[in-house]
Amino acid sequence: MLIGRIVEQEMLREALRKDQSQFIAVYGRRRVGKTFLVRETFNYKFTFQHTGLANGKTSEQLVNFQESLKEYGYEDAPLPQTWLEAFSLLKQIVKNSRARKKVIFIDELPWLDTPKSSFLPALEHFWNGWATNRKDIVLIVCGSATSWIISKIVNNHGGLHNRLTDKILLEPFSLSECEAYSQSLGLVMSREQILESYMILGGIPYYWSLLMARKSLSQNIDTLFFARNGKLTDEFEHLYASLFKKKAPYIDIVSVLSKIREGMTREEIIDALKIKTGGVFSRRLKELEQCGFVRKYCAPGKKVKDALYQLIDNYTIFYFRFIQNNVGGDERFWSSSIDAQFHRVWEGLAFERVVLQHVTQVKKALEIGGVLSNVYSWRYRGDEGAQVDLVIDRRDNVINLCEIKFSSSEYVIDKAYSKELKHKRDVFKEQTKTRKAVHLTMITTEGVKRNVYFNDIQSEVLLDQLFID
């Protein structure tokens, strides 16, 4: 059962209605559901479908391609010696098809581009020299190696430059979609438990599919991450290896970022890694941003070089906080640490990241969904420094300074915190010189307790409102 993905499905179906051949790239991180989306949308019916071999040599890829040709009707297909020959044989399948639209789906495309294979020139020739001369072809390419898809297909500067007719970056599920998906899996979970799952698993459907209805959430997390041979124990290495051909430099960057909650400037990252600056490093930062692991933000009035890079990926944060350091191999680590102080510290950080992934829902809750706004975090490191989790700078002359707090009960604003909130607002106004009205907004799991300090804030957003799409 396909949950959500309504816009993406419509984009794929629209390709069938166009009167010209269509070339679509579907990309996104490992396990986000790219293949499932394409197969479900077309009801598993393709003129031709092929999946590349992970770590396969060119000769092995061509043998595998021959098998796919045979499976889709070319029973006596010869073994192609080159990719030009392989695509020439594919033309025969298309020519013999009686379908009104010939849908060709090539999955894990980056795996086919092995060293010295000349795969890309062959693909370019197939599309530019043949498919575009027809009106009945829908070519869909897919891959988890997001950086490869973006650089080689989406931003191609060669023969495929501007040849894509559409592109789909498949994003992780939202909280609302995870709630619907968990229900379809027969999982009985409160919204608080869905939130905790999201803080660990993110919105990655495959991870959620591994949760077992007969186990509690804590038992599930122990089973998946901390038990011997847990299904996600080694996921970190596989995840980054699937996205980047040379994973180590990218892991080094996210490792450094995992230690600084509010993010780091480019120069701060370089200093921490003790590396030389250059275009390669800038490209890696950009790719981490494109893959959804890092977000870049720059407060108004700041120079581009002062932009902050912040680790935003839920699973990566969880890995560095708990899995990497579980040196003792405690198979019940999560169940036994629920009341620990380090667990509560993580909850605060993880909830903040979830909120930053649901800014659209926050704006709807504040009834400013239709108001143009700039969204960023803010920090000032003067003598009396201040840091704001989320700033919504609105076109209607209002700025929301949002404090994000995780709590198992109503959050209590006491005298000390009331003073801190006012300090943040005063420092923000003084340093930014804004003439807009500055509203204090609390984003909490269970709401803010009505006491003498409640009126210090102008608005609040609750967990339930983050589930509204």
Side-chain angles (χ1 to χ4, degrees), residues 2 4-29 32-52 65 68 72 83-84 86-113 118-171 286-287 290-292:
L2 188 60
R5 311 307 196 195
I6 296 173
V7 173
E8 293 84 356
Q9 285 189 81
E10 181 55 31
M11 291 173 68
L12 291 172
R13 289 176 180 141
E14 180 64 21
L16 298 176
R17 298 190 281 267
K18 296 289 182 65
D19 58 2
Q20 298 293 331
S21 289
Q22 301 293 297
F23 185 7
I24 303 171
V26 181
Y27 57 104
R29 62 179 287 169
V32 79
K34 302 178 296 298
T35 303
F36 188 65
L37 165 68
V38 176
R39 289 176 175 171
E40 284 286 311
T41 301
F42 293 102
N43 197 27
Y44 295 77
K45 296 178 181 178
F46 302 99
T47 301
F48 178 77
Q49 180 183 357
H50 178 71
T51 301
F65 197 85
S68 294
Y72 280 87
W83 280 113
L84 278 172
F87 279 107
S88 180
L89 295 172
L90 175 57
K91 293 176 187 177
Q92 296 303 313
I93 289 182
V94 175
K95 291 176 181 177
N96 293 334
S97 172
R98 295 183 179 180
R100 186 182 66 85
K101 287 286 186 178
K102 285 73 173 175
V103 182
I104 301 169
F105 177 34
I106 303 180
D107 199 6
E108 298 299 356
L109 187 78
W111 292 345
L112 303 178
D113 187 33
S118 297
F119 171 77
L120 269 180
L123 175 63
E124 293 169 4
H125 181 71
F126 172 78
W127 180 254
N128 294 334
W130 189 76
T132 54
N133 293 324
R134 303 173 62 103
K135 296 184 176 182
D136 58 351
I137 293 177
V138 177
L139 173 60
I140 303 169
V141 298
C142 187
S144 296
T146 306
S147 61
W148 187 97
I149 292 283
I150 291 173
S151 64
K152 302 293 186 179
I153 303 295
V154 176
N155 295 330
N156 185 283
H157 295 295
L160 291 178
H161 179 64
N162 283 338
R163 294 298 185 177
L164 283 180
T165 55
D166 227 329
K167 57 185 178 182
I168 299 174
L169 172 58
L170 200 61
E171 303 278 6
K286 183 65 176 178
E287 288 174 349
Q290 291 171 329
C291 293

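Sequence positions, counted from 1, serve as the residue numbers for this chain. Note that the coordinates shown come from a computational prediction; the quantities given were computed from them, not determined experimentally.
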Show the nearest heavy-atom pair for residues [X] and [Y], with the distance to one decimal.
| X | Y | value |
| --- | --- | --- |
| Ser21 | Asp136 | OG-N, 3.6 Å |
| Lys18 | Gln22 | CB-NE2, 3.5 Å |
| Leu2 | Leu37 | CD2-CD1, 4.2 Å |
| Leu12 | Phe42 | O-CZ, 3.8 Å |
| His50 | Ser68 | ND1-OG, 2.7 Å |
| Ile104 | Ile137 | CD1-CG2, 4.1 Å |

Atom pair [atom1]/[atom2] of [X] and [Y] - distance to nearest 0.5 Å:
| X | Y | atom1 | atom2 | result |
| --- | --- | --- | --- | --- |
| Ser118 | Asp113 | OG | CG | 9.0 Å |
| Cys142 | Ile168 | SG | CD1 | 9.5 Å |
| Leu123 | Trp83 | CG | CH2 | 10.0 Å |
| Leu120 | Leu112 | CG | CG | 10.0 Å |
| Asn155 | Asn162 | CG | CG | 9.5 Å |
| Tyr27 | Gln290 | OH | CD | 7.5 Å |

Task: Residues Glu171, Leu169; criterion side-chain contact (heavy atoms from CB on, under 4.5 Å); working and verdict - done: CA-CA 6 Å; Glu171 303 278 6; Leu169 172 58; 3.8 Å; yes
Validation row: [X], [Y] side chains within 4.5 angstrom (heavy atoms):
| X | Y | value |
| --- | --- | --- |
| Lys167 | Ile149 | no |
| Leu84 | His125 | yes |
| Arg163 | Asn156 | no |
| Val38 | Thr41 | no |

[X] side-chain N/O to [Y] backbone N/O, donor-acceptor pair under 3.5 Å:
| X | Y | value |
| --- | --- | --- |
| Ser88 | Ala86 | no |
| Asp107 | Thr35 | no |
| Arg100 | Leu16 | yes |

Greater than 12 external heavy atoms within 6.0 Å of [X]'s [atom1]:
| X | atom1 | answer |
| --- | --- | --- |
| Lys102 | NZ | yes |
| Lys101 | NZ | yes |
| Lys45 | NZ | no |
| Lys91 | NZ | yes |

Task: Basic-acidic side-chain contact under 4.0 Å: Glu10, Arg17 - done: yes
Task: Phe48/Phe65 aromatic ring centres below 6.0 Å - done: yes
Open item on the list: As a quick check of understanding, evaluate side-chain contact (heavy atoms from CB on, under 4.5 Å) for Cys291 and Arg29, giving each step before the final call.
Closed with: CA-CA 7 Å; Cys291 293; Arg29 62 179 287 169; 5.8 Å; no
- [ ] For the pair Phe105 and Arg39, evaluate side-chain contact (heavy atoms from CB on, under 4.5 Å) and give the outcome as yes or no after the intermediate values.
- [x] CA-CA 9 Å; Phe105 177 34; Arg39 289 176 175 171; 4.3 Å; yes
Open item on the list: Classify the ring geometry of Trp127 against Phe23: parallel below 30°, tilted from 30° to 60°, perpendicular beyond 60°.
Closed with: tilted
- [ ] Applying side-chain contact (heavy atoms from CB on, under 4.5 Å), run through Ile106 and Leu139 and close with a yes or a no.
- [x] CA-CA 8 Å; Ile106 303 180; Leu139 173 60; 4.2 Å; yes
